[in-house]
Amino acid sequence: MRQHKLALCKEHFLVWFTEQTQRFINKYHMFGYEDRILVAVSGGKDSLALWNVLHRLGYQTDGLYIGLGINQGTGYSAESLQFTEKYATKYNHKLIVVDVAEFAGATIPEAAALTLRGKGKPCSVCGLTKRYIMNMVAHQGDYNVLVTGHNLDDEVAVLFGNTLNWAVGYLARQGPVLEETAGGLARKAKPFCRFYERETAAYALLQGIDYIYEECPHATGAKSIYYKVQLNQLEADRPGTKLSFYLSFLRAKESGFFAHQNPAVQANLNRCQTCGQPTSAPEQCAFCRTWHRVRSRRAAAA
Ligand code: AMP
Ligand code: FES
Ligand code: ZN
């Protein structure tokens, strides 16, 4: 690990990785042993590694898998569910599965085709739907915190994009923890936000975790992947660049750099008139508006 000027054997890497996770949980006050934790698992290396290490550290965790129905040509969703279910069965963990087509009436690619009419990628409706379902399950199941497997490479790509655009509202919200809001948005944490992707992959491999290697087929050409390529170049020339970019950002944030940017909408959330979930919109939340359009266009086309 050039970025840490550290080389470890299997045994010591696993100890180091586990201790570091605990250190990040403590440092950012993510959660404690009394908390019920909902782990969003996609079947990929990061989220399965996260579930594994949290369980080994003795935390109370259940998993949530969201079936997106992205199967054309690749069988991506079907395969990622298989990996997740196999993992949950092997370790005897509770896994909650929400299938978008059953829950909302169409798969993500169908919803994207109906709302975007062939223009654009399904990623925005997918992101919106995943966030909605994660929050809903966390709320319904009385979980204290929702955790995701975002790693340093993910976080730095987002940070880079937000910085290029000086998207101060998003910068103010980015960080290892997003506090619960009064309106009912669940508390969120990213215990792996300081691990390089290579480190989470190494952990998964060394722990013998089987995970899906493929990325979502719609990720090809995404801006975040382009940023990752550029950032990898910087990292190759100057090891540690990603980590120092992220940590300097967190320090700037802690010193109040973005304090006045905290979006006021967070404090004034309304209740969606259809589903009751918190929303910054005056009447219906973005999920209900989008999926209402999907279902009516689907009915009209039938
Ligand atoms: P991604 O946006 O695909 O990079 O995923 C980031 C994190 O979101 C993952 O590490 C998971 O914690 C969570 N996640 C992504 N896809 C799903 C899914 N289909 N079901 C549950 N959690 C997911
Ligand atoms: Fe959502 Fe790819 S479009 S994971
Ligand atoms: Zn709603």
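Note that ligands are numbered from 1 as they come in the structure, with each ligand's atoms numbered from 1 the same way. Nothing here was measured: the structure is a model prediction, and the numbers come from that model.
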Within the structure, is a non-hydrogen atom of C123 found at a distance of less than 4.0 Å from ligand 2?
yes
Closest non-hydrogen protein atom to atom 20 (N) of ligand 1, residue and atom name please, with distance?
I66 N, 3.0 Å
Just which atoms of ligand 1 are under 4.0 Å from any heavy atom in S47?
10 (O), 11 (C), 12 (O)
To the nearest 10 degrees, calculate the angle at the Zn ion (ligand 3) involving SG of C275 and SG of C285.
120°
Can you list the atoms of ligand 1 that are under 4.0 Å from a heavy atom of T148?
12 (O)
Interfacing atoms of ligand 2 (cut-off 4.0 Å, heavy-atom, C216):
2 (Fe), 3 (S), 4 (S)
Look at atom 17 (C) of ligand 1 and say which protein heavy atom is nearest, naming residue and atom and giving the distance to 0.1 Å.
S42 CB, 3.5 Å
Picking from R194, Q20, H4, what satisfies side chain to side chain donor-acceptor pair (under 3.5 Å) with E199?
H4
The protein heavy atom nearest to atom 9 (C) of ligand 1 is G149 N, 3.9 Å
Taking atom 11 (C) of ligand 1 as the reference point, the nearest protein heavy atom with its distance
A40 O, 3.2 Å
When you look for heavy atoms under 4.0 Å from ligand 1, do you find them on the side chain of L64, its backbone, both, or neither?
backbone
When distances are taken from atom 6 (C) of ligand 1, the protein heavy atom at minimum range is H150 NE2, 3.4 Å
Any non-hydrogen protein atom below 4.0 Å of atom 1 (P) of ligand 1?
no
Looking at G105, is its backbone amide N or carbonyl O close enough to the side chain of R295 to form a donor-acceptor pair, meaning the two atoms are under 3.5 Å apart?
no
With distance as the sole test, does S47 use its side chain to make a donor-acceptor pair with the main-chain N or O of S42 at under 3.5 Å?
yes
Quick look: V39 vs ligand 1, heavy-atom contacts under 4.0 Å, and the answer is neither
Side-chain donor-acceptor pair under 3.5 Å between H139 and E180, yes or no?
no
Please check: side-chain N/O of R2 versus main-chain N/O of P239, any donor-acceptor pairing under 3.5 Å?
no
Do Y87 and Y211 make the cut of ring centroids closer than 6.0 angstrom?
no
Any protein heavy atom lying closer than 4.0 Å to atom 4 (O) of ligand 1?
no
Exercise: do Y203 and N52 side chains pair donor with acceptor under 3.5 Å:
yes
E155 and N151: side-chain donor and acceptor closer than 3.5 Å?
no
Do Q22 and Y59 have side-chain N/O donor and acceptor atoms under 3.5 Å apart?
yes
Vertex the Zn ion (ligand 3), rays to SG in C272 and SG in C288 - rounded to 10°:
110°
Work out whether the distance between some heavy atom of M134 and some atom of ligand 1 is less than 4.0 Å.
yes
Examine C126 and say whether one of its N/O/S atoms is closer to atom 1 (Fe) of ligand 2 than 2.8 Å.
yes
Is the backbone N or O of L38 less than 3.5 Å from a side-chain atom of D62, with the two atoms forming a donor-acceptor pair by type?
no
Given V41, I209, I212, the one that forms side chain to side chain contact (heavy atoms under 4.5 Å, CB included) with F83
I212
Which of the numbered atoms in ligand 1 are below 4.0 angstrom from a heavy atom of K130?
15 (C), 16 (N), 17 (C)
Heavy-atom donor-acceptor pair, Q60 side chain to Y33 backbone, under 3.5 Å
yes
Return yes when K130 approaches ligand 2 closer than 4.0 angstrom through a heavy atom, no otherwise.
yes
